[in-house]
Amino acid sequence: MTIKWTSALEIGIPVIDAQHHRIVEYINQVEHVQKTHSREELLDVLDELVDYTISHFAFEESLMEEAGYPFANAHSKVHRLFAKRVEAFQKRARAGEDITEELLHVLKAWLVNHIQRDDQDYSADVKANMAQATKRAKARKGSWFGRLFG
Ligand SMILES: [Fe+2]
Ligand SMILES: [Fe+2]
C-alpha cells in the first residue's frame, strides 16, 4: 500500500514538508516498481531516493545547527545510520537480490516514525529561529529604506 500524504506528516515548516512529501513520492514509486518488476527501474529509483534523502538530511542538519537545536548531533547520527542502511539495500539490489519488499517495509516504518518523532522535535526551535532571521532581515531592509528614503 502506498503512503498517503496527510497533515499528520507535516511538521509546519513548508520547505521541509515539501521535501518529505517528495521522499514519500519516491517511496511510492519504489512500490510501483515492485509491481512492474523492472530491475533497472528499481535501481534508478533507489539511486534517486538515496541522493534526494541525503541532501534533505544535510539541509535539515544545517537548519538545526543554525537554530542551536540541542539534539542536532544525535539527530544527524540517526540520519547517518539510516543512510547506511539504505545503501546496504542498494548494494544487495545491485548484486541482483530482490530486496523491494523488505526495503519498502523499512522505508515506510522509518520515515513516518522519523518525521513524526525526530523531525517534529526540532520544528519549534527551527521555526523560532526562522522567524527571528526574517525579523532581522526586515529590520535591515527597514533601516536601508529609512536611510535612503527617510
Ligand atoms: Fe526529515
Ligand atoms: Fe531528520
Side-chain angles (χ1 to χ4, degrees), residues 1-95 97-141:
M1 232 174 63
T2 53
I3 303 179
K4 275 219 165 60
W5 182 262
T6 69
S7 57
L9 287 167
E10 286 175 0
I11 67 165
I13 301 171
V15 62
I16 294 288
D17 290 334
Q19 291 178 3
H20 286 156
H21 196 163
R22 182 103 185 259
I23 294 173
V24 163
E25 280 170 1
Y26 275 129
I27 295 174
N28 288 339
Q29 224 178 313
V30 173
E31 179 127 15
H32 171 74
V33 170
Q34 183 193 31
K35 284 179 193 134
T36 61
H37 283 289
S38 155
R39 201 177 154 267
E40 282 301 304
E41 216 185 319
L42 175 67
L43 292 173
D44 284 350
V45 179
L46 272 183
D47 283 346
E48 282 174 51
L49 172 70
V50 169
D51 284 354
Y52 190 79
T53 304
I54 284 171
S55 57
H56 164 70
F57 286 168
F59 182 71
E60 249 183 12
E61 286 161 21
S62 68
L63 286 186
M64 287 188 286
E65 247 170 66
E66 248 173 73
Y69 173 62
F71 305 111
N73 280 343
H75 194 130
S76 306
K77 207 172 166 189
V78 169
H79 283 167
R80 273 197 300 278
L81 286 175
F82 180 70
K84 267 193 191 155
R85 247 175 117 182
V86 176
E87 278 161 16
F89 274 111
Q90 244 179 331
K91 267 191 200 145
R92 286 169 58 195
R94 281 204 197 102
E97 210 179 315
D98 184 7
I99 45 88
T100 324
E101 189 90 29
E102 199 186 334
L103 175 65
L104 276 171
H105 182 76
V106 168
L107 287 176
K108 287 177 189 174
W110 188 88
L111 185 80
V112 170
N113 180 59
H114 183 71
I115 291 175
Q116 292 184 329
R117 204 190 55 191
D118 301 339
D119 289 350
Q120 188 67 54
D121 196 71
Y122 73 62
S123 72
D125 286 17
V126 167
K127 262 189 259 180
N129 185 55
M130 281 174 137
Q132 260 189 348
T134 309
K135 237 193 229 168
R136 281 196 298 273
K138 270 188 188 154
R140 268 202 305 278
K141 207 174 168 190

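Keep in mind it's a predicted model, so treat the numbers as computed, not measured. Counting convention: from 1, in listed order, for ligands and their atoms alike.
Of the possible polar contacts, none joining the Arg39 side chain to the Glu97 backbone as a donor-acceptor pair under 3.5 Å is found. A distance-only check finds a donor-acceptor pair linking the side chain of Thr36 to the backbone of Val33 [under 3.5 Å].
Note: angle at the Fe ion (ligand 1), from NE2 of His20 to NE2 of His56, is 90° (rounded to 10 degrees).
Sorting the N, O or S atoms of Glu60 by how far they are from the Fe ion (ligand 2) puts OE1 first. Among the heteroatoms counted here (N, O or S) of Asp119, OD2 is the one nearest to the Fe ion (ligand 1). Looking only at N/O/S atoms, His79 comes nearest to the Fe ion (ligand 2) through NE2. The atom of His114 that is an N, O or S and sits closest to the Fe ion (ligand 2) is NE2.
Residues Thr53 and Leu49 come closest through the heavy atom pair OG1-O, 2.6 Å. Closest non-hydrogen pair, Ser76 versus Glu61, comes out as OG-CG, 3.3 Å.
The aromatic ring centres of His75 and Tyr122 sit less than 6.0 Å apart.
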